[in-house]
Amino acid sequence: MKKIISHSESETAEFARNLATTLPMGSVLTLNGDLGAGKTVFARGFARGLGIDEAVSSPTYTIVQEYLLPDEKHRLYHLDLYRISGAEAALAFGVDEFLNDPKAVALVEWPERIGDVIPENAIKIDIRHLNENEREITLYETQS
């Protein structure tokens, strides 16, 4: 487990950017936090760490945003499962393909909506809102 206190959006993005440079393709990260905690800020920083320069937005209404990495062989999937009713609905739209793609990294917001569909080796990230500017970010290493 690693815990940091971020004092700004730029610090949150920098933490995520640095983390992205250390993870292999096939990684799945779950982003846990209340609305406004900083999940999208984290996702933007993470995308920058993978070399993605285009605008990164929350996929609340589209469920998934797909970004091609600069090598044009790998992808980042940013999933927001807030509007998903459960694992069955997620599997119906093919969530398992995004979570099990060895040529991609998946960031998953609201992972509790699909429970056991999340891989056991997913990296869990909790973002907790401390005040207007500060966030506590806790990273839990994979279990397997």
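We use all heavy atoms of the structure for the numbers below, so side chains are in, but hydrogens, waters and symmetry mates are not.
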[X] side, atom [atom1]; [Y] side, atom [atom2] - distance, nearest 0.5 Å:
| X | Y | atom1 | atom2 | result |
| --- | --- | --- | --- | --- |
| Thr40 | Leu35 | OG1 | CG | 9.5 Å |
| Ser6 | Glu136 | OG | CD | 11.0 Å |
| Ile52 | Leu68 | CD1 | CG | 8.0 Å |
| Ile4 | Glu11 | CD1 | CD | 7.0 Å |
| Thr12 | Arg44 | OG1 | CZ | 11.5 Å |
| Phe42 | Arg135 | CZ | CZ | 14.0 Å |

Within the 4.5 Å heavy-atom criterion, are [X] and [Y] side-chain neighbours or not?
| X | Y | result |
| --- | --- | --- |
| Ile137 | Ile125 | yes |
| Tyr82 | Glu109 | no |
| Thr138 | Lys3 | yes |
| Leu23 | Ile123 | yes |
| Lys124 | Asn32 | yes |
| Leu107 | Val56 | no |
| Met25 | Leu69 | yes |
| Tyr77 | Leu99 | no |

- Dump the intermediate steps for side chain to side chain contact (heavy atoms under 4.5 Å, CB included) on Val95 and Val108, then the final yes or no. CA-CA 10 Å; Val95 72; Val108 183; over 6 Å; no
- Message: Are Leu50 and Val41 connected into the same hydrophobic cluster when the rule is that any two of I, L, V, M, F, W, Y join if their side-chain heavy atoms are below 4.5 Å apart?
- Response: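 Result: no, two separate clusters.
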Taking all non-hydrogen atoms of both residues, which atom of [X] and which atom of [Y] are closest, and how far apart?
| X | Y | result |
| --- | --- | --- |
| Ile114 | Ile118 | CD1-CD1, 3.7 Å |
| Ala106 | Leu79 | CB-CD1, 4.2 Å |
| Asn131 | His129 | O-NE2, 3.1 Å |
| Leu81 | Pro111 | CD1-CA, 4.5 Å |
| Val28 | Pro119 | CG2-CG, 4.0 Å |

- Hey, is the main chain of Ala37 close enough, under 3.5 Å, to the side chain of Asp34 for a donor-acceptor pair?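 Judged by distance alone, no pair lies under 3.5 Å.
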- Item | Donor-acceptor pair, side chain of Lys39 and main chain of Ile127, under 3.5 angstrom |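 No, Lys39 side chain to Ile127 backbone: no donor-acceptor pair under 3.5 Å.
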If you count heavy atoms of other groups shown closer than 6.0 angstrom to [atom1] of [X], is the number above 12?
| X | atom1 | result |
| --- | --- | --- |
| Asp116 | CG | no |
| Asp71 | CG | yes |
| Glu88 | CD | no |
| Glu97 | CD | no |
| Glu112 | CD | yes |

- Task: Decide side chain to side chain contact (heavy atoms under 4.5 Å, CB included) for Phe46 and Val105; before the verdict, give the C-alpha distance in whole Å, the side-chain angles of both, and the deciding distance to 0.1 Å.
- Result: CA-CA 10 Å; Phe46 194 89; Val105 174; 3.6 Å; yes
- Take Phe15 and Arg17, measure what side chain to side chain contact (heavy atoms under 4.5 Å, CB included) needs, and give me the verdict at the end. CA-CA 5 Å; Phe15 175 79; Arg17 188 189 69 74; over 6 Å; no
